[in-house]
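Quick notes on the structure that follows.
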Amino acid sequence: MYNKKLYKEILDHFNKDLDLVNYEIKSLLSKNNTELNEDMSSFLFSKSKRLRPLILFLTKDALNAPDNDNIVKLAAALELLHSATLLHDDIIDDAKLRRLKPTINHRYNSKMAVLSGDYLLSLSLKLLCDIGLPEIFCYFSENTLNICRGEINQFFNREKLVTIEEYLEKSKNKTSSLFMAGAKSLIYLINEKMQKIPDNIQKAFLDYILSFSLAFQIYDDIENFQNENTEKISSDAENGIYTLPYLYISQQNHSCDIINFKNEKLNKELYNDALNFSKEYLNKTLDKAKNSLKITRNIYKTELLIKLTEVFKG
């Protein structure tokens, strides 16, 4: 899983765009200097996938839209908002590490971590103001609300078994919402300032991003299940959050007390079955994303978006 080499090949096409995003964020931090800026710079420019800005530039490129300063601002706003949610997640999870560095929560305290997240949220809003299109504010506010709803529902469903459908709905709220905020904003910006995109093409790209972002959450949950994620000390199961592999196990083995997942080592055969089921589900979701773009392939440059689905195949 996670083809690092292939991902780098895709990133290399957009190094210039991503450098502009980093410059935009650095400039914003410099103009709004606080005692937190050194910590924020360390966090924001630590090694990360920059997946959400990358999706925007992939989509912009596929739609043959020209370079535009507002797209850079949009990508930077999206990354800042994502980063703000990570800081708040670290408080909820009591995480000690993020991107292999001590979290703000661990280095200072939860109060400073809340303020840090709010600070990045405010910087994101500042960039959206600079773009100056109220409709984009609507997309961001609507989808930020979905993220909060997803987190609240997850809190009240801790230690509970949910259906796979409920798990997917939670994942759409928590993860897909931010991707969709960026995608809808980008398409609106292109329609308003550059060129009109046919409705069926808009739907195809939005369907791709919805399915891809959902697949990315499944991929992340599989990584956590395999204990390959070194960024968090505690796993989802230890926090009473049961993701796709655990839900499969509970369906296949009703005698298994799911509450003990955090305390007991799983049967190897059951573990492998859960892993294989989850990877198959991941691959089907990635294929669904890829198939969403079928109607666009003769007109639009979707090769890199297709290639991106291969990066996270199980």
Side-chain angles (χ1 to χ4, degrees), residues 10-11 13-14 17-18 21 49-85 124 127-128 131 133-147 150 168-169 171-219 285-286 288-297 299-309 311-312:
I10 297 171
L11 276 177
H13 288 273
F14 299 96
D17 299 292
L18 294 171
V21 170
K49 292 185 178 68
R50 287 288 194 260
L51 184 59
R52 289 149 191 85
L54 177 63
I55 286 279
L56 285 192
F57 291 119
L58 280 164
T59 305
K60 187 262 310 182
D61 193 55
L63 289 168
N64 300 311
D67 292 338
N68 183 280
D69 288 344
N70 280 335
I71 294 178
V72 173
K73 290 181 185 297
L74 178 62
L78 193 63
E79 185 66 14
L80 286 167
L81 179 54
H82 168 58
S83 299
T85 66
S124 177
L127 285 173
L128 296 178
I131 294 172
L133 293 173
E135 289 79 2
I136 289 179
F137 255 108
C138 290
Y139 292 135
F140 268 72
S141 60
E142 176 187 346
N143 285 283
T144 303
L145 177 59
N146 287 339
I147 294 170
L168 294 172
E169 190 60 31
S171 298
K172 286 178 183 177
N173 282 332
K174 281 192 60 186
T175 302
S176 298
S177 290
L178 198 52
F179 283 89
M180 295 303 287
K184 290 179 179 179
S185 298
L186 174 66
I187 287 173
Y188 181 84
L189 183 58
I190 293 172
N191 275 326
E192 285 295 302
K193 302 295 185 180
M194 302 170 203
Q195 64 204 33
K196 294 298 179 183
I197 307 167
D199 289 346
N200 63 329
I201 299 300
Q202 292 183 45
K203 183 179 185 305
F205 278 95
L206 291 176
D207 286 347
Y208 168 90
I209 291 170
L210 179 60
S211 293
F212 174 81
S213 57
L214 183 57
F216 180 71
Q217 181 60 58
I218 295 170
Y219 155 81
T285 308
L286 288 168
K288 183 178 179 181
K290 183 167 60 176
N291 291 334
S292 298
L293 296 177
K294 277 185 176 179
I295 67 168
T296 72
R297 290 179 193 170
I299 308 171
Y300 297 94
K301 300 182 295 183
T302 58
E303 293 85 0
L304 290 179
L305 285 167
I306 299 299
K307 189 180 286 189
L308 186 63
T309 65
V311 170
F312 297 100

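The minimum heavy-atom distance between Met194 and Ala65, with the atom names listed, is SD-CB, 4.0 Å. Annotation for Thr309 and Ala289: closest pair CG2-CB, 4.4 Å, computed over non-hydrogen atoms. Across Asn173 and Gly150, no two heavy atoms sit closer than the pair CB-CA, 3.9 Å. Nearest heavy atoms, Leu214 versus Ser171: CD1-CB, 3.6 Å. Smallest separation of non-hydrogen atoms from Tyr300 and Pro198: OH-CD, 3.8 Å. Residue Ser176 comes nearest to Ser213 through the heavy atom pair OG-OG, 2.8 Å, listed as atom of the first residue, atom of the second, then distance.
Looking at heavy atoms from C-beta onward, Pro53 lies in side-chain contact with Leu18 at the 4.5 angstrom threshold. The side-chain heavy atoms of Asp67 and Lys60, taken from C-beta on, include a pair separated by under 4.5 Å. Side-chain contact check for Leu54 versus Lys49: every heavy-atom pair is 4.5 Å or farther apart. Looking only at side-chain heavy atoms (C-beta outward), Asn146 and Asn143 come within less than 4.5 Å of each other. Counting heavy atoms from C-beta on, the side chains of Leu133 and Lys193 come closer than 4.5 Å.
Aromatic ring pairs are classed by plane angle as parallel below 30°, tilted from 30° to 60° and perpendicular above 60°; the pair Phe57 and Phe14 is parallel.
In terms of the side chain to side chain donor-acceptor pair (under 3.5 Å) criterion, Gln202 has no residue partners (sequence neighbours excluded). Applying the side chain to side chain donor-acceptor pair (under 3.5 Å) criterion to Asp207, with sequence neighbours excluded, gives Lys203.
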### Message
If you apply the rule side chain to side chain contact (heavy atoms under 4.5 Å, CB included), what do you find for Ile201 with Leu63, and how did you get there?
### Response
CA-CA 9 Å; Ile201 299 300; Leu63 289 168; 4.1 Å; yes
### Task
Give the C-alpha distance, both sets of side-chain angles, the deciding distance and a yes or no for side chain to side chain contact (heavy atoms under 4.5 Å, CB included) between Phe312 and Thr285.
CA-CA 11 Å; Phe312 297 100; Thr285 308; over 6 Å; no
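For the atom pair Ser211 OG and Lys172 NZ, the distance stands at 8.0 Å (nearest 0.5 Å). Between atom OG1 of residue Thr85 and atom NE2 of residue His82 there is a gap of 5.5 Å, rounded to the nearest 0.5 Å. Atom-to-atom distance recorded for Phe140:CZ and Leu81:CG is 6.5 Å, nearest 0.5 angstrom. Distance check, rounded to the nearest 0.5 Å: NZ of Lys294 to CG of Asn291 gives 4.5 Å. Rounding to the nearest 0.5 Å gives a distance of 5.5 Å between CG of Leu74 and CD1 of Ile136. Rounding to the nearest 0.5 Å gives a distance of 5.5 Å between CG of Leu56 and CG of Leu78.
Ionic pairing of Glu79 and Arg50 is present here: one or more N-O contacts between side-chain nitrogen and carboxylate oxygen are shorter than 4.0 angstrom.
Among Leu308, Thr296, Thr59, the one residue that satisfies the side chain to side chain contact (heavy atoms under 4.5 Å, CB included) test with Thr302 is Thr296.
Panel note: side chain Tyr208, backbone Leu305; a donor-acceptor pair is recorded below 3.5 Å. Not a single donor-acceptor pair under 3.5 Å links the side chain of Ser177 to the backbone N or O of Lys174.
Applying the 6.0 Å contact sphere to CG of Asn64 captures more than 12 heavy atoms from other residues, nucleotides or ligands.
A donor-acceptor contact under 3.5 angstrom links the side chains of Thr175 and Gln217, judged on distance only.
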